[in-house]
Amino acid sequence: MAGLYMAIIFGSSLSTFSSGINALAANTVEDILKPSLRRVKESTATLVTRLVVFVFGIAITGLAYGAKTLKGPVTQMGFSVIWGLWGARCGSIFSRGVCPMEQQIWRHGRGYRRSGPEPVARHRKPMSWK
């Protein structure tokens, strides 16, 4: 009975994995490769999609084997990379939402000393703190 449960778990994970790779390949072909494949027959486009699925499958399997050799938790390394790339952008968006006056201050030049003419956008009504 334990073998049946393991087969169910592995079967469902492989199904989810293969549908994710198929969706990734379909999006790649439709969004990136479609302009190059306009005058190609449908059967050739299907073959290209299958090749893209194969390439993504090999790449993901290679990354999984490569992650085996890493020292430390893989999730922590992934989060470090993600926050290294997107942390400043998220902080900027968060500060704009929390401090609505920030955009007005920097637009009108009152947040720092600067030289040069005043900004053109003086006809707008100033934002309030309410």
Side-chain angles (χ1 to χ4, degrees):
M1 206 61 181
L4 180 63
Y5 289 132
M6 290 300 291
I8 291 170
I9 290 171
F10 281 124
S12 65
S13 66
L14 284 175
S15 172
T16 303
F17 183 70
S18 67
S19 65
I21 292 177
N22 284 330
L24 184 63
N27 284 335
T28 302
V29 169
E30 285 294 319
D31 294 341
I32 297 173
L33 300 178
K34 191 70 164 187
S36 303
L37 300 173
R38 283 193 187 157
R39 297 184 189 110
V40 177
K41 293 189 297 187
E42 188 67 31
S43 61
T44 308
T46 304
L47 180 65
V48 169
T49 305
R50 288 181 181 173
L51 288 173
V52 171
V53 168
F54 180 73
V55 168
F56 278 135
I58 294 295
I60 290 172
T61 305
L63 287 172
Y65 277 113
K68 183 172 64 170
T69 62
L70 295 174
K71 293 179 178 24
V74 177
T75 54
Q76 181 180 0
M77 291 179 199
F79 286 139
S80 297
V81 169
I82 288 170
W83 280 110
L85 295 173
W86 293 98
R89 291 175 184 92
C90 291
S92 173
I93 292 169
F94 177 75
S95 69
R96 292 252 173 145
V98 172
C99 306
M101 292 294 291
E102 176 189 9
Q103 185 176 4
Q104 179 188 4
I105 289 170
W106 287 103
R107 181 183 300 141
H108 293 300
R110 289 182 294 209
Y112 61 97
R113 292 194 177 271
R114 67 183 187 95
S115 60
E118 287 295 318
V120 180
R122 282 288 187 181
H123 63 278
R124 294 185 185 153
K125 183 179 177 184
M127 295 174 64
S128 66
W129 285 99
K130 294 180 184 178

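Along the sequence shown, the residues carry numbers beginning at 1.
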For this session: Sort and list the pairs that fulfil salt bridge (charged side-chain N to carboxylate O under 4.0 Å, His left out) and have at least one residue in residues 21-33, not counting sequence neighbours.
Result: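 For residues 21-33: E30-K34.
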[atom2] on [Y] to [atom1] on [X], rounded to 0.5 Å:
| X | Y | atom1 | atom2 | value |
| --- | --- | --- | --- | --- |
| L47 | K41 | CG | NZ | 11.0 Å |
| S18 | L14 | OG | CG | 7.5 Å |
| N27 | T49 | CG | OG1 | 11.0 Å |
| T46 | L51 | OG1 | CG | 11.0 Å |
| I82 | T75 | CD1 | OG1 | 10.5 Å |

For this session: Report yes or no: does S15 contribute a side-chain atom to a donor-acceptor pair with the main-chain N or O of G11 at less than 3.5 Å?
Result: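 Checked: no pair found.
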Hey, quick one: are [X] and [Y] part of the same hydrophobic cluster, counting side-chain heavy atoms closer than 4.5 Å, chains of contacts allowed?
| X | Y | value |
| --- | --- | --- |
| W86 | V81 | yes |
| V53 | I32 | yes |
| F56 | F17 | yes |

Problem set entry | Close side-chain approach of R50 to F54, heavy-atom, < 4.5 Å |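 Side-chain contact under 4.5 Å: no.
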For this session: Kindly give the heavy-atom pair with the smallest separation between T16 and S19, and that separation in Å.
Result: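 That would be O-OG, 2.9 Å.
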For this session: Show your reasoning for whether side-chain contact (heavy atoms from CB on, under 4.5 Å) applies to V52 and L33.
Result: CA-CA 10 Å; V52 171; L33 300 178; 4.1 Å; yes
